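Numbered from 1 within each chain, the chains take letters A, B, ... in sequence-line order. The structure presented is a predicted model; accordingly, all values stated were derived computationally and were not measured.
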Amino acid sequence: MADADLSGTQAVSGTEAGRPAGKSIPLGLTDTLTIATWNINGVRARLDVLTGWLKQRGPDVVCLQEIKSVDEAFPREAIESLGYNVETHGQKGFNGVAILSKRPFEVTRRGLPGDSEDVQARYIEAEIPAGRGIVRVASIYLPNGNPVGTEKFPYKLSWMARLEAHARALLAFEEPLVLAGDYNVIPEPRDARRPEVWVNDALFQPESRGAFRALAALGLTDAVRTTTDAGDVYTFWDYQAGAFQKNDGIRIDHLMLSAEAADRLGKVEIDRDTRALEKPSDHVPVVAEFTFPA
DNA sequence: ATGGCCCCACTTTGGGGA
């Protein structure tokens with residue numbers, strides 16, 4: 001692997017975001033937890049990479065996408081033995097999402113509402129204890145939508161409309177809410193090393209980007225974009241054509257936050273170094289820290 | 001996208017991904 005490219009964890013924010021130096025909350029009165037999202041591209045094929053990262057990184061909550069496994073075949077014990085509670089929403093062969101949490105938690109929904117005919121496993125939602133209350137966390141695997149011009153693209157847009165409607169309902173609770181996952185949307189040109197290559201791709205269509213902006217316009221904050229305006233901040237590099245070595249990446253994995261969550265946001269980091277491991281996922285984790293009054 | 005991969009499944013060939 002090319003050592004020159006291994007910059008390790010990419011800190012995209014300073015510490016104590018939103019709080020002036022010297023005004024940190026007193027010890028003992030806060031509850032800090034880290035919430036990560038990672039498209040794992042096959043949880044069984046990726047088990048060593050995942051467990052190694054869990055041991056080293058120790059996030060409190062992990063939203064996984066593309067587990068590519070039915071619930072019964074999910075490697076639950078290997079992850080539980082590291083101190084995690086595990087809830088899955090899988091299907092055979094492809095798609096599939098999961099939530100791992102060191103804290104015991106309750107699943108509130110499996111599957112995105114709004115279409116009883118939709119059998120694809122792309123959404124799981126839970127309430128996780130945080131501070132004196134809860135944080136609601138969803139693991140989202142938004143449809144790819146390629147090729148544009150087939151039924152896959154309207155399915156993507158329809159799924160995004162359903163997500164917007166559901167997010168609107170969740171925001172009415174006025175709670176800390178984290179919608180984390182693989183959105184399969186490149187929000188802006190700066191979110192791709194070579195935006196011109198993506199102009200005919202479902203990930204970068206005006207309709208896809210518009211639907212993502214509509215989500216943000218509900219009052220959801222893109223965690224990474226609270227911390228940096230930089231253009232070289234990516235979460236996916238294709239396996240093909242030496243994309244990682246060239247840093248030919250895109251930013252498509254996002255944590256979207258309600259105001260109540262954004263107000264508690266600290267550091268946001270992208271674990272870029274996981275892309276250089278043996279048998280890596282083509283996506284890397286995005287990790288956000290939250291501090292709640294306790 | 002000069003071409004380059006990877007995972008899964010009723011596996012040696014095709015579906016799906018991004």
Pick the C1' atom in dC5(B) and in dA18(B), then give their distance to the nearest Å. 11 Å
Separation of dA1(B) atom C1' from Ile186(A) atom CD1, nearest Å, is 12 Å
With sugar-phosphate taken as primed atoms, P, OP1 and OP2 and all else as base, the protein-contact string of nucleotides 12-18 of chain B at under 4.0 Å (heavy atoms; B, S, -) is ----BSB
DNA chain B nearest-nucleotide lookup for Asn200(A) and Val70(A): closer to the 5′ end is Asn200(A)
Notebook entry, point to check: Is the distance from OP1 or OP2 of dC6(B) to the nearest side-chain N or O of Arg44(A) less than 4.0 Å?
Noted result: no
Q) Hey, are Glu188(A) and Arg190(A) close enough for a salt bridge, meaning a charged N less than 4.0 Å from a carboxylate O? A) yes
Quick note, salt bridge (Lys or Arg N to Asp or Glu O under 4.0 Å) partners involving residues 212-222 of chain A, not counting sequence neighbours, are Asp222(A)-Arg251(A)
Residues 116-132 of chain A vs salt bridge (Lys or Arg N to Asp or Glu O under 4.0 Å), sequence neighbours excluded, gives Asp118(A)-Arg162(A), Glu125(A)-Arg136(A), Glu127(A)-Arg136(A)
Rounded to whole Å, the CZ-C1' distance (Phe244(A) to dG4(B)) equals 17 Å
Check: Which is true for Ala241(A) with a 4.0 Å heavy-atom rule: it touches a base, it touches only sugar-phosphate, or it touches nothing?
Finding: base
Separation of dC7(B) atom P from Asp48(A) atom CG, nearest Å, is 13 Å
Closest non-hydrogen contact found for Asn200(A) with Val148(A) is O-CG2, 3.9 Å
According to a 4.5 Å side-chain heavy-atom criterion applied to Ile, Leu, Val, Met, Phe, Trp and Tyr, with indirect links allowed, do Val107(A) and Leu163(A) form part of one hydrophobic cluster? no
If we take the C1' atom in both dG16(B) and dT11(B), what is their distance in whole Å?
15 Å
query = Which word best sums up how the rings of Tyr183(A) and Phe212(A) line up, parallel for under 30°, tilted for 30 to 60°, or perpendicular for over 60°?
reply = perpendicular
To the nearest angstrom, the NZ-C1' distance between Lys92(A) and dC7(B) comes to 16 Å
Contact between Ser139(A) and Tyr123(A) at the side-chain level, heavy atoms closer than 4.5 Å - yes or no?
no
Here the distance between atom P of dC6(B) and atom CH2 of Trp237(A), to the nearest Å, is 16 Å
Separation of dC5(B) atom C1' from Lys279(A) atom NZ, nearest Å, is 12 Å
Determine the interatomic distance between C1' on dC7(B) and the same-named atom on dT2(B); round to the nearest Å.
26 Å
Using the C1' atom as the point on both nucleotides, what is the distance between dC10(B) and dG15(B), in whole Å? 14 Å
